[in-house]
Every structure is written in structure tokens, then in C-alpha cells.
2 protein chains.
Amino acid sequence: MAGSGQVRRPRLNRHLVLTEAVAFADANGVGALSMRRLAQQLGVAPMALYKHVTSKDDMLDGMLALLLEDVRETPSTGQWREDLRRRILATRSALIEHPWSQEVLSSRRQMTAAMLDHLDGLVGAMLQGGLPVDLTHHTMHVLGNRMWGFNPELFAATPASDPSFEVQRSALPLRHRHLAEIAAGVDHGAIGVETSRMHDDFEFNFALNLILDGIEEFRNAD
Amino acid sequence: MAGSGQVRRPRLNRHLVLTEAVAFADANGVGALSMRRLAQQLGVAPMALYKHVTSKDDMLDGMLALLLEDVRETPSTGQWREDLRRRILATRSALIEHPWSQEVLSSRRQMTAAMLDHLDGLVGAMLQGGLPVDLTHHTMHVLGNRMWGFNPELFAATPASDPSFEVQRSALPLRHRHLAEIAAGVDHGAIGVETSRMHDDFEFNFALNLILDGIEEFRNAD
DNA sequence: ACCTGAACACCGTTCAAGT
DNA sequence: ACCTGAACACCGTTCAAGT
């Protein structure tokens, strides 16, 4: 007679765990999302989840990947501004539909494959639309915050001491050609902490001046 | 002989708790910051903290307020672009010096007094520099992400059902004149959920077009 | 007024065990 | 191959008590 949670239990798998986790976070917020509560909702012992997800962090990364998957299906028009606008608005819609995603995104310390795929799609839209490489690079920085809703510089700066840094860099051309292409523009030798900070500062000021100049023009046109 | 943690204990107070919490988060990240560990570092029982801080959330808000205090001291030049640039760069420096702040900011669901003070200072710099009210309003939205490092729309949208909404709104003119001034520009009757979403959408697209137009100009000038 | 100790209801994750 | 139960080392916060 106890009608608590799910009655059917259609055999767990990663996708089911992730979709259920997304639904739970949508309904109750990430703060309330715990492995134990999610397991209970799935009518399963807490440790059953760990067969399909290596940790809670892995689960959170998987949840974000789920959101970004939808965005990747945005069709291409061949015009970079229109393509870019559509993709960015699609990303924004996804993040707004799942308000917890912003908080989760800003707590991640590593770029996941899903995030890199997503960025690569954006860069691809610009390059295929004929935008020069250097301007494409700048544009990614200008738009960074506006897509994710947080500052990507903070985790683009993978410390050089991290051994996974070199692996990630060498793997770039294979999975993310477009990212590799704009990275080649700045990659003279190793990027130290100082250099990378200088680069970030440059990009930030570029974006800031762009915005301020635009506003000033509006003002003078009035 | 056990040299664990602090030896002196100069009587707890709110400021001491907050500065120590900031130092702890700087050193170990917010993930590692717990009431128990902070108490241990201060050489005090966990519950001693609760005399100076009402909850962990209150402590996190206090920590952010501490960072924003420094920014408020930015001197004024009378030129809105220069004043704005300085304040934004000062904010950014503060957030970068304390990397945990972005994550904490994006987990807050309410604007605190400290955040409103900060925004009010920015709006004040623009209005006093002669920028029209409506353009000042737009500029705040364009710059939103770039200051905080996340999208302020998400928590500017206080639900109308929240009783504290009206209180906050009526208290605005007293503490935050400049914010009240730009709010008056859109505040025709109550702002429902639909209207506020439409407004956010408009601001988002305004910012996006501004950036894209700026980039396009760079491209053509090449 | 300020701090303590024990307790409550939680966490993520391990390990050995079940089927 | 997939799931369970008990256990470990944690959480934030309450309450009654100490000084």
C-alpha cells in the first residue's frame, strides 16, 4: 500500500540516471540533489548509481553534457552572424530552462569533452562563414560570458603543472579542429601563467572596449 | 607541544570570522570550507561561529560583501567611460584574486545589500558622467556578465510571489537612488513574470547585437 | 554575553557481500 | 553484471548547558 517513489524499475543505465538527475534538479534545485535522494527516487540503493556514474562530479558533468547535446543540433545557414546568434540563443535557452546549470558550470574546474564539443561547434560556424581566425578568436572571448553565463577564462587557465594539460592540448586537433586552429594563433612555445594572464587581460579589455564604443555610438546617434 | 592551529584567540567577532573564512577559501577552495573546519582553524567550537553569523549562507554573503567593499573606494574622474572601466576592472581583480567568489556568486538566489550598493555605485558613475537614464540601463545589462562573471538576470528576476519583493522595491529609493532611477524607466505597474522575461530577452539581444556589430566593423576595417 | 558538547538528520564513498 | 547493506568520515544546525 506504500506508494513511495517509482514502482517500475526498468533496469538502470547511465542515460536514465542522468535524465532523472536533471529532472530532480529542475524540480528541487541542485542543492537538494544528493546521490541518496536520487537513488531513492529511482527506487534503488544509493550505491547502485555508482555502476553508471563514477562520482557525483561525473554525474554533474553528464547532466551538463545532456543540456549541450540539444544545442549542437542547431542547423547551419552559412552566415556566421546568424549561425552564431542561433547557437548562443539556443545555449541560453537551455541554461535558463535548467537554472541549476549556471551554478554547476561555475563549479567545474575542468573543461569536459561535451563543453569542448560545444565551443568547437561555435568556432566552426564562424570559420565556415568566412570570419578570419584572429577575429574568430576574439569573438569567442567576447561572447564567452554571454553563452555560459560565467567567465570561461577562469577555467580555460589550466595550470601548466597539470600533466593532463599536455594530453588535452595534443588531443585537440583530433576532436576539435576549429579550437586547435585558433589556439595555434597564440601558441608560441609554452603558455606560462604570466603569459596566459596577459592574454586573458588583453581579451577582457578588447571585449570591454568593444562594448563601451558601441554604447558611445548609440549615445552620439541620439 | 601540540602546535595545531591558532594559539592566541583574540575574541571572535563577525569581521574576524569573515576574513578568516575568505583566507580559508583562498587557500583551500569553497568546497573545503565548512563551519567545523573554520571553527577548528580559529581554535573554537563549531557553534561559536553562530553567534557572529546566522548561517553558512549568511557567512558566504558576508565574504562576498568583503570583496566588494574594496571596489567601492575606486576614485571618480567625472568621465563615465573611465569611471566605469576602473570600477569594472577593480571588480574583476577582486573576483580573480578570490576564484571561489564566482561559484559563490552564482549560487546566491538573492541580491544582498552589498551587491546592490556595488551596482548603485556603477550606475551613479554613469549618470553623474551625463549618460542618459535609458542608455545607462542598457549598459548595466550589457556589462552584467562582464562584471560578475555570471548572468545577473537569473537573480534579478525575484518572483512576484515573494513578499520581500515589494519591500525591496520600496526600500530602493532610500539606499539606492541611482538604481531606483533606472528602475522607474521600466516600472509601469507590476512587473509580472512574462513581462520581466520579455524585458530580459530584449536586453540580452541588445547586448548581443552590440557585440556582433562591433565585431563586424572590425572585420570590414581589415 | 559568549562559548561548549552532545545530539540529530543528513552527506559521498569504501568495501565485502549477495544474486 | 548489476545491485545491496553496513560502515566510515564527514556535513549544517538544534538545543541545553556552562562561564
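Naming convention: chains lettered A, B, ... in sequence-line order (proteins, then strands); numbering from 1 in each chain.
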Asks: Over how many whole Å does the gap from A:Met59 atom CE to C:dG12 atom P extend?
Replies: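 So the CE-P distance, A:Met59 to C:dG12, works out to 8 Å.
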
Asks: Could you tell me how far apart B:Met35 (CE) and C:dC3 (C1') are, to the nearest whole angstrom?
Replies: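 It is 14 Å, rounded to the nearest whole Å.
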
Asks: Are side-chain heavy atoms of B:Leu49 and B:Leu12 found at a separation under 4.5 Å?
Replies: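 When only atoms from C-beta onward are counted, B:Leu12 and B:Leu49 do touch, with a gap below 4.5 Å.
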
Asks: Using the criterion of both pairing distances under 3.5 Å for Watson-Crick and G-U wobble pairs, give all stems of 3 or more consecutive pairs involving DNA chain D.
Replies: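 In DNA chain D, stems of three or more pairs: C:4-8 with D:12-16, C:12-16 with D:4-8.
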
Asks: Would you indicate whether the side-chain heavy atoms of B:Leu60 and B:Arg108 approach each other to under 4.5 Å?
Replies: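 Side chain of B:Arg108 against side chain of B:Leu60, heavy atoms only: contact under 4.5 Å found.
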
Asks: With a 4.5 Å limit on heavy-atom distance, are the side chains of B:Val104 and B:Met63 in contact?
Replies: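 They are not in contact (no side-chain heavy atoms under 4.5 Å apart), so the answer is no.
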
Asks: To the nearest angstrom, how far is B:Leu16 atom CG from C:dC3 atom C1'?
Replies: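 It is 15 Å, rounded to the nearest whole Å.
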
Asks: I want to check something: taking the side chain as every heavy atom from C-beta on, are B:Leu119 and B:Met115 in contact at a cut-off of under 4.5 Å?
Replies: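 They are not in side-chain contact.
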
Asks: Between P on D:dA1 and CG on A:Asn13, what's the gap in Å once rounded to a whole number?
Replies: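 Atom CG in A:Asn13 sits about 17 Å away from atom P in D:dA1.
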
Asks: Evaluate whether atom CZ of A:Arg14 has more than 12 neighbouring non-hydrogen atoms of other residues, nucleotides or ligands under 6.0 angstrom away.
Replies: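 Atom CZ in A:Arg14 is crowded, with more than 12 foreign heavy atoms closer than 6.0 Å.
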
Asks: Check every atom of D:dG12, C:dC3, C:dC11 against the side chain of B:Arg36 and return the nucleotide holding the closest atom.
Replies: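 Given the options D:dG12, C:dC3, C:dC11, the side chain of B:Arg36 is closest to D:dG12.
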
Asks: Please state how far atom CD in A:Gln40 lies from atom C1' in D:dG5, giving the value in whole angstrom units.
Replies: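 Whole-Å distance recorded here is 16 Å.
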
Asks: Under a 3.5 Å distance rule, please check whether B:Arg37 uses its side chain to pair with a backbone N or O of B:Ala32 as donor and acceptor.
Replies: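 Checking the backbone N and O of B:Ala32 against the side chain of B:Arg37, a donor-acceptor pair under 3.5 Å is found.
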
Asks: Give, ordered by number, those residues of residues 45-58 of chain B having at least one heavy-atom distance below 4.0 Å to an atom of DNA chain D; if nothing qualifies, reply none.
Replies: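 Heavy-atom contacts with DNA chain D come from B:Met47, B:Tyr50, B:Ser55, B:Lys56.
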
Asks: Over how many whole Å does the gap from A:Leu33 atom CG to C:dC10 atom P extend?
Replies: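 From A:Leu33 CG to C:dC10 P: 16 Å.
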
Asks: Taking the side chain as C-beta and beyond, is there a heavy-atom pair between B:Gln128 and B:Asp83 under 4.5 Å?
Replies: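 Of all side-chain heavy-atom pairs linking B:Asp83 with B:Gln128, none is under 4.5 Å.
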
Asks: Do A:Leu33 and A:Asn28 make a side-chain contact, defined as non-hydrogen atoms from C-beta onward lying under 4.5 Å apart?
Replies: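 A:Leu33 does not reach A:Asn28 side chain to side chain.
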
